[in-house]
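So the structure is just underneath, and the comments pick up after that.
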Amino acid sequence: MIKHHPSETLLTQYCSASLSASLSLAVSIHVDMCPVCQAKVAKIEASNAEQVFSDSFEQSTQLDTLPVDITDEQESSLFDFITADTSADEVYEVEPVAIKVNNHNYQLPRALTRISHGKFTQVGKLARSRVALDDGPLRSSLLHIDAGGEIPEHTHTGFEITLLLDGEFSDEEGSYVPGDFIFQDGSHQHTPLTKDGCLCFTVVSSALHFNKGFSKLLNPIGNLIY
C-alpha cells in the first residue's frame, strides 16, 4: 500500500497548473499510481471548475448589455458551426514504453512515454539517466539501483523528491513500495538501500551532501550521482 503522498499544497498547485514542469511530472506519475490521490485531484478539479463557472456567470450578469435571446434555429446553427471546427488537437493512444537497465526490464509510467531521457550512466551499483526537461535548477532523472546497492548516508543542499516506480528500497524511516512519493530536504538524512533492486524517478534542486566517513569524498561528484 502506498503510504507517502504529495502534500495537499502540491496537489492544489498541480490542479491549478502552477507547478514547475519537473514537479508537475512527479505529481502526475504518482497520481496515476495512487487511487487515494486520484480521488483528491478529482475533488480539487471539481471545486476549481465550479469556481471558474461561478466567476464567469457573475461577470456576465454585471455586463451593461446582456446577450440577446436567440431562436432554436439560431442555436442549432451555432452548435453546428462550433462542432464543425476540425482544428482541435489530435487525440493519440499512449503506447507503453519499456526500458532495460542492467538486464532488468521496466515499463515507464504513462507520463514519461513522450519525454526523452539520456543514456544511463553507471557509478558502482547506481545508474542514472537524465530526463529531458529544461526546468532551471531542477533536474529530473531515472535512477536505478542494482540488487544489494545503497546510496551512502547523505542529506540535501536543496530538496529531493524520490518517486519509486518499480521494486523496493528502504532507509532509516522505513520501507517503500511503488508509487511512494518521498520529499526530503536539508532537515533529513538517510541511507537508501535495496535488496532486490529498484527504479526511481527523482527531482532535485541541488546536489546531495554526503556527511559520514569515507562517503564525504563523494561530495565533489554529488551532482554526477543525481
Side-chain angles (χ1 to χ4, degrees), residues 6 19-33 92-171 176-185 190-210 214-226:
L19 287 177
S20 65
S22 300
L23 293 180
S24 183
L25 180 57
V27 174
S28 177
I29 295 171
H30 171 82
V31 169
D32 274 354
M33 301 175 75
Y92 59 89
E93 293 291 331
V94 177
E95 296 291 337
V97 174
I99 62 172
K100 188 173 184 178
V101 191
N102 296 343
N103 297 318
H104 295 273
N105 294 307
Y106 300 100
Q107 184 169 310
L108 291 180
R110 177 188 60 83
L112 282 173
T113 56
R114 294 172 67 86
I115 301 176
S116 62
H117 61 90
K119 182 180 179 181
F120 277 88
T121 301
Q122 191 82 29
V123 181
K125 287 184 176 290
L126 307 180
R128 187 220 66 205
S129 168
R130 289 272 187 242
V131 175
L133 285 178
D134 185 7
D135 201 13
L138 300 185
R139 295 193 296 183
S140 300
S141 303
L142 291 171
L143 179 72
H144 183 262
I145 309 178
D146 280 335
E150 73 171 56
I151 301 175
E153 182 179 301
H154 63 276
T155 185
H156 309 88
T157 56
F159 71 80
E160 172 192 48
I161 290 173
T162 303
L163 176 57
L164 182 55
L165 302 179
D166 202 313
E168 52 75 35
F169 77 89
S170 60
D171 62 13
Y176 304 96
V177 300
D180 273 334
F181 184 101
I182 305 115
F183 178 92
Q184 296 190 315
D185 57 21
H190 66 152
T191 311
L193 56 92
T194 176
K195 178 181 177 181
D196 300 316
C198 64
L199 180 69
C200 302
F201 175 75
T202 66
V203 179
V204 294
S205 63
S206 187
L208 305 184
H209 180 73
F210 297 96
F214 178 77
S215 66
K216 289 182 179 179
L217 298 177
L218 297 176
N219 282 323
I221 61 170
N223 278 319
L224 175 64
I225 292 176
Y226 263 54

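Keep in mind the model is a prediction, meaning the values are calculated, not measured.
- A donor-acceptor contact shorter than 3.5 Å is absent between the side chain of Asp32 and the backbone of Ile29.
- The shortest side-chain heavy-atom distance between Phe120 and Asn102 does not fall under the 4.5 Å cut-off.
- The two atoms that bring Ala111 and Ser28 nearest to each other are CB-OG, 3.9 Å, heavy atoms only.
- Heavy-atom contacts from other residues, nucleotides or ligands closer than 6.0 Å to CG of Asn105 number more than 12.
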*Does the pair Leu108 and Ile99 meet the rule for a side chain to side chain contact (heavy atoms under 4.5 Å, CB included), with working shown?*
CA-CA 7 Å; Leu108 291 180; Ile99 62 172; 3.8 Å; yes
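- Here Ser140 pairs with Ser22 under the side-chain hydrogen bond (donor to acceptor under 3.5 Å, both in side chains) rule; sequence neighbours left out.
- For Glu160 (side chain) and Thr202 (main-chain N/O), no donor-acceptor pair under 3.5 Å exists by modelled atom type.
- Between Val131 and Phe201 the shortest side-chain heavy-atom distance falls below 4.5 Å.
- Side chains of Glu150 and Ile145 form no contact here, defined as non-hydrogen atoms less than 4.5 Å apart.
- No donor-acceptor distance shorter than 3.5 angstrom exists from the side chain of Thr113 to the backbone of Pro96, with no hydrogens or angles considered.
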*side chain to side chain contact (heavy atoms under 4.5 Å, CB included) evaluation trace for Tyr106 with Leu165*: CA-CA 9 Å; Tyr106 300 100; Leu165 302 179; over 6 Å; no
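- Of the possible polar contacts, one joining the Ser205 side chain to the Phe159 backbone as a donor-acceptor pair under 3.5 Å is found.
- The aromatic rings of Phe181 and His30 sit perpendicular to each other, their planes meeting at more than 60°, with 30° as the lower class boundary.
- A donor-acceptor distance shorter than 3.5 angstrom exists from the side chain of Gln122 to the backbone of Gly124, with no hydrogens or angles considered.
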